[in-house]
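Residue numbers begin at 1 in each chain, while the letters A, B, ... track the order of the sequences.
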There are 2 protein chains.
Amino acid sequence: MAVTRNTSKARKTREPLAPDPALGEGGDGGGHFNPHLPDVDYGVLDTLTGYAIRRAQIRIYEDFVRSLAAWQITPPRFSALQIIARNPGVRLTDLARILGIARSGAVMLFDALEAMQLVAREPSPTDRRAYALALTATGRQTLAAVTEAVCDHDARIGAQLSEAERQTLLRLLDKLAPGEPWQS
Amino acid sequence: MAVTRNTSKARKTREPLAPDPALGEGGDGGGHFNPHLPDVDYGVLDTLTGYAIRRAQIRIYEDFVRSLAAWQITPPRFSALQIIARNPGVRLTDLARILGIARSGAVMLFDALEAMQLVAREPSPTDRRAYALALTATGRQTLAAVTEAVCDHDARIGAQLSEAERQTLLRLLDKLAPGEPWQS
DNA sequence: TATTGTTATACTCTATAACTATA
DNA sequence: TATAGTTATAGAGTATAACAATA
């Protein structure tokens, strides 16, 4: 089937997905990731830029999901909400490209947010194939609160750094990930 | 079933998994992730430490997998090989804790490396329940070549940075991800 | 009773490919 | 012919829970 906007058939909404079972406190991998256990020789891993970033990313992801659990908001969902809020009328294809995921993934991500009443598909004024993605009123209110929680989380993870250090970190990370791929 | 080490029944070896279909050049998400498209308003995302790290991590992961495709080595596989090489006799439970994954995941990861003839289970001298994990002769040779390729990759992604900047980056990332979780 | 390795199962995420409607 | 959105399917990766052997 294709775009069912103008038919009476209700769209199949997807259930809001669980935030991330990887972080359940229950049993096995339940604890917190410790990036540097004592009595362990990490070898070359300790000298690699890539591993240092991976370590940080795991910890940040954990804290993000914990901090936003009450809203069922994960990092990709927050990114999508921000992009939609700041770029009104983006299409699903745009969203996919911006987030670096496949179009089908963008549809699933958006469907989850739609089931949470945070976003809606509006008709594109220029292309009858496409939708203009938008936040609902609820979505705008929720995003305001969520953004505050995300900024709190981000401040918490950066608390060990001075503001000057944090700016330096952002600048160096930006240089690390330029627009064009690195030369092979 | 439990530990079948001393029986004649052959263990079920797992096929080496494909490196990561997410990076296929074929169709949809096939291109390279561009962390900062023009004409897109990223809003608060541009100010978040967490998003900057996520951007960098995606790009680094892509380049890692591309660089190591010939060996079928992914970041988790490389980490596991390094840990086993530098900490002879670690058990599967140790490996899981070090890498921050569940024990069942460590088994699957190790099984994949075993199917590639890079590692082997040796009897633990002190605990008949456990194995002492070790590299095979092939594993040691392969790891030497793979480590060189990984270091080349890491140098490439850090090429935009001076060595002083790279050291600063590592130091700041280390401060960001300390041993203990951040205070809620 | 607790721990080690193992297996079964489930779920998330992501991709590829085919399809409909429209450009 | 190409593009937008959708769906189906498949795969990797991770988790939880139960189990046998051993501590």
S.K.: According to a strict under-4.0 Å criterion, is A:R121 in side-chain N/O contact with OP1 or OP2 of D:dA4?
M.R.: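 So the side-chain polar atoms of A:R121 never come under 4.0 Å of the phosphate oxygens OP1 or OP2 of D:dA4.
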
S.K.: Is A:R54 close enough and on-axis enough to B:F64, meaning under 6.0 Å and within 45°, for cation-pi?
M.R.: no

S.K.: Return the value, rounded to whole Å, for the distance between atom CG of A:D111 and atom C1' of D:dT7.
M.R.: 11 Å

S.K.: Distance check: side-chain N/O of A:S124 vs OP1/OP2 of D:dA4, anything under 4.0 Å?
M.R.: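 It does not, given that no N or O in the side chain of A:S124 lies less than 4.0 Å from OP1 or OP2 of D:dA4.
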
S.K.: Would you give me the side-chain donor-acceptor pairs under 3.5 Å for residues 89-98 of chain A, sequence neighbours excluded?
M.R.:
{"from": "A:R91", "atom 1": "NE", "to": "A:D94", "atom 2": "OD2", "distance (Å)": "3.2"}
{"from": "A:R91", "atom 1": "NH2", "to": "A:D94", "atom 2": "OD1", "distance (Å)": "2.9"}
{"from": "A:D94", "atom 1": "OD2", "to": "A:R91", "atom 2": "N", "distance (Å)": "3.0"}

S.K.: State which residues pass salt bridge (charged side-chain N to carboxylate O under 4.0 Å, His left out) with B:D174; sequence neighbours excluded, sorted by chain then number.
M.R.: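 Listed in chain order: nothing, the list is empty.
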
S.K.: Check this one for me: any side-chain N or O of B:R91 less than 4.0 Å away from OP1 or OP2 of C:dT4?
M.R.: yes

S.K.: Taking the minimum atom-to-atom distance to the side chain of B:A102, which one of D:dG5, D:dA2, D:dT16 wins?
M.R.: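 When the side chain of B:A102 is considered, D:dT16 is the closest of D:dG5, D:dA2, D:dT16.
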
S.K.: Of all the choices, C:dA23, D:dT7, D:dT14, which nucleotide is nearest to the side chain of B:M108 once you look at every atom?
M.R.: D:dT14

S.K.: What nucleotide, of C:dA18, C:dT4, C:dT7, holds the atom closest to the side chain of B:S104?
M.R.: C:dT7

S.K.: For B:F33, is there any backbone N or O sitting under 3.5 Å from a side-chain donor or acceptor partner on B:E62?
M.R.: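 A pair under 3.5 Å: yes.
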
S.K.: Compare the minimum distances between each of D:dA15, D:dT22, C:dT22 and the side chain of B:I101, then state the nucleotide with the smallest one.
M.R.: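 Nearest to the side chain of B:I101 among the choices is D:dA15.
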
S.K.: From the options C:dT16, D:dT3, D:dG5, select the nucleotide whose nearest atom is closest to the side chain of A:A130.
M.R.: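 Closest of the options to the side chain of A:A130: D:dG5.
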
S.K.: If you take atom types as modelled and just measure distance, does the side chain of A:R103 reach the base of D:dG5 with a donor-acceptor pair under 3.5 Å?
M.R.: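 Donor-acceptor pair under 3.5 Å: yes.
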
S.K.: A:D127 CG to C:dA21 C1': how many Å, rounded?
M.R.: 10 Å

S.K.: Check this for me: does the side-chain of A:R129 come within 3.5 Å of the base of D:dT3 through a donor and an acceptor?
M.R.: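 When only heavy-atom distances are counted, A:R129 does reach the base of D:dT3 through a donor-acceptor pair under 3.5 Å.
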
